[in-house]
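Here the structure is a predicted model, which is why all the values come from computation and not from measurement. When a ligand or atom number is given, it counts from 1 through the structure's own listing order.
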Amino acid sequence: MTEKLHVGLGSRSYDIIVGERLLAKVGQYIAPVIKGKNVIIISDSNVSRFYLHRLSNALEEAKINFRCIIVPAGEATKSLGSFSELIENILEQKPDRKTVLIALGGGVIGDLTGFAASVLLRGVDFIQIPTTLLSQVDSSVGGKTGINSRFGKNLIGSFHQPLLVLADVATLSTLPKRELLSGYAEVVKYGFINNPDFFSWMEKNGKEIINGDTSLQTQAILKSCAAKAEIVAADEKEQNIRALLNFGHTFAHAFEAETGYSDKLLHGEAVAIGMVLAFAASVKMGICPPDDLAKATSHLKEIGLHTSPIEINKNWNINALMEHFTRDKKAGDGKLTFVLSRGIGKAFIQNDVEPEIIYQTLVENCKN
Ligand SMILES: NC(=O)c1ccc[n+]([C@@H]2O[C@H](COP(=O)([O-])OP(=O)(O)OC[C@H]3O[C@@H](n4cnc5c(N)ncnc54)[C@H](O)[C@@H]3O)[C@@H](O)[C@H]2O)c1
């Protein structure tokens, strides 16, 4: 099954193709959309071992010239140092304005390559070939690109939409289970935001998705991309409703920062915990039924995700966690901005959250 979705953004519109064993035939999708005949593939040390030869063969068949740059796997590659090395390596290949960058990998490669494409020769096209569940359902769509600073995640970046997104579901077969689970959190997120029926579908099919049922994985990816495409088309630069996609992320970023963006806590794992806390804070404010918090928590737990910060660390520094919110999100009056929930499928953006509510939510959830 190969399916096509369209992201409608005027002159920056593009297609998302989702299917099994797409890599072998990507040439037929890439050749018609690129301006010239030259592409540069950027991949990481893990993904290239599994999939670079398939992509290379497909490009050769389509008579597209290609070069490859392989960078180390992992979040540390989204740094200024790695970025500067990458961009110099790309320039060494003498690209021109028609050269297209291809990101073959997870969200790290997609974010890094997209950012490189947005500044290389004042902007060249790029194509996303996401190979993790997280990147297939989230980061490859929507045009947010970026790298990290020592002051925080994704603080250096741009909006630069891809020319095409090609998600080959078969690549998920080699993805470590922990990474698959991490991506799953971003899938459930779409149900929590505005689609309770999708959440019910995930409750029914989640286990099979994690166990590798490719047909259900394809459906989950398509539903997620359609949800994201709709929100991005309505608010490309996050002036309003796109912020809903950050459900659970404000908490998640604080936990990620406090664990040093390390393997101790993957992004999606932090998002799962963050979403539970967003429900918990909403219950505390009396706007969300406690049953919905219980239902959301129990599904994430059943699937194998962490749902409490204590499972990661027994002794969080609450003041340090709070500082992440007050530093980044403070409104003029000292109140905070959070995506909260009135129940499953009813997320909303609240700009004047009392810090005390968030503090108490952390105290209740981060201490034994
Ligand atoms: N731009 C956005 O809108 C957006 C949205 C969400 C997350 N992100 C970013 O995405 C990044 C996380 O992405 P991720 O979870 O994909 O991490 P990742 O790119 O680091 O990939 C996770 C690990 O899996 C390996 N891997 C990837 N595909 C594989 C495959 N098919 N088989 C075997 N191994 C494979 C990678 O080498 C890596 O070790 C974070 O930096 C986050 O900030 C961006």
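- Within ligand 1, counting atoms from 1 as listed, the ones closer than 4.0 Å to a heavy atom of Y51 are 31 (N).
- The nearest protein atom to atom 4 (C) of ligand 1, hydrogens excluded, is given as S139 CB, 3.2 Å; this is a heavy-atom distance.
- Every atom of ligand 1 with a heavy atom of E75 under 4.0 Å away is listed here by number and element: 40 (C), 41 (O).
- Of all the atoms in ligand 1, the ones that sit under 4.0 Å from a non-hydrogen atom of K153 are 40 (C), 41 (O), 42 (C), 43 (O).
- Remark: side-chain polar atoms of S282 are paired, donor with acceptor, to backbone N or O of S341 under 3.5 angstrom.
- Among protein heavy atoms, the minimum distance from atom 35 (C) of ligand 1 is reached at L175 CD1, 3.6 Å.
- Residue contact check: D44 has heavy atoms under 4.0 Å from atoms 36 (C), 37 (O) of ligand 1.
- For a threshold of 3.5 Å applied to N or O pairs, the pair formed by S135 and ligand 1 contains no separation below that value.
- For atom 14 (P) of ligand 1, the nearest non-hydrogen atom of the protein is G107 N, 3.5 Å.
- Atoms of ligand 1 found under 4.0 Å from any heavy atom of K228 (numbered from 1 in listed order, with element): 3 (O).
- Atom 20 (O) of ligand 1 has V108 CG2, 3.3 Å as its closest protein atom, hydrogens excluded (heavy atom only).
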**Request:** With side-chain hydrogen bond (donor to acceptor under 3.5 Å, both in side chains) as the test, would you mind laying out the steps for T145 and S158 before giving the verdict?
**Result:** CA-CA 5 Å; T145 80; S158 60; 2.8 Å; yes
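- Using modelled atom types, one side-chain atom of N211 and one backbone atom of K207 make a donor-acceptor pair closer than 3.5 Å.
- Below 4.0 Å from some heavy atom of T174 lie the following atoms of ligand 1, by number and element: 30 (C), 31 (N), 32 (N), 33 (C).
- Residue-ligand proximity, N154 to ligand 1, at heavy-atom distances under 4.0 Å covers atoms 43 (O).
- Counting only heavy atoms from C-beta outward, the side chains of I41 and I69 never approach each other to under 4.5 Å.
- The minimum heavy-atom distance between A296 and F199, with the atom names listed, is CA-CZ, 4.3 Å.
- Remark: side-chain polar atoms of T77 are paired, donor with acceptor, to backbone N or O of P72 under 3.5 angstrom.
- Any N or O atom pair closer than 3.5 Å counts here, and P176 shares no such pair with ligand 1.
- With F338 as the fixed residue, the ring-ring contact (aromatic ring centres under 6.0 Å, His included) test singles out one of F279, F348, F325, F247: F325.
- Residue contacts with ligand 1 for E179 involve side-chain atoms from C-beta outward but no N, CA, C or O (heavy atoms, distance under 4.0 Å).
- The environment of K284 atom NZ is dense: over 12 non-hydrogen atoms of other residues, nucleotides or ligands sit within 6.0 angstrom.
- Nearest-residue assignment for atom 15 (O) of ligand 1 (options N246, L134, T131, V47; heavy-atom criterion): L134.
- Close approach of ligand 1 to K78 (heavy-atom distance below 4.0 Å) involves ligand atoms 9 (C), 40 (C), 41 (O), 42 (C), 43 (O).
- The option with the heavy atom closest to atom 6 (C) of ligand 1, from among L180, L172, D138, is D138.
- The shortest heavy-atom contact between A58 and L23 is CB-O, 3.3 Å.
- Residues V339 and I193 fail the side-chain proximity criterion, which asks for heavy atoms closer than 4.5 Å.
- Atom 39 (O) of ligand 1 has as its closest protein heavy atom N46 ND2, 3.1 Å.
- With hydrogens and angles ignored, the 3.5 Å screen pairs a side-chain donor or acceptor of D96 with a backbone N or O of T99.
- Remark: minimum distance from atom 9 (C) of ligand 1 to any protein heavy atom is reached at D111 OD2, 3.4 Å.
- Using a 4.0 Å cut-off between charged nitrogen and carboxylate oxygen, K153 and E256 count as a salt-bridge pair.
- Among protein heavy atoms, atom 21 (O) of ligand 1 sits closest to T132 CG2, 3.7 Å.
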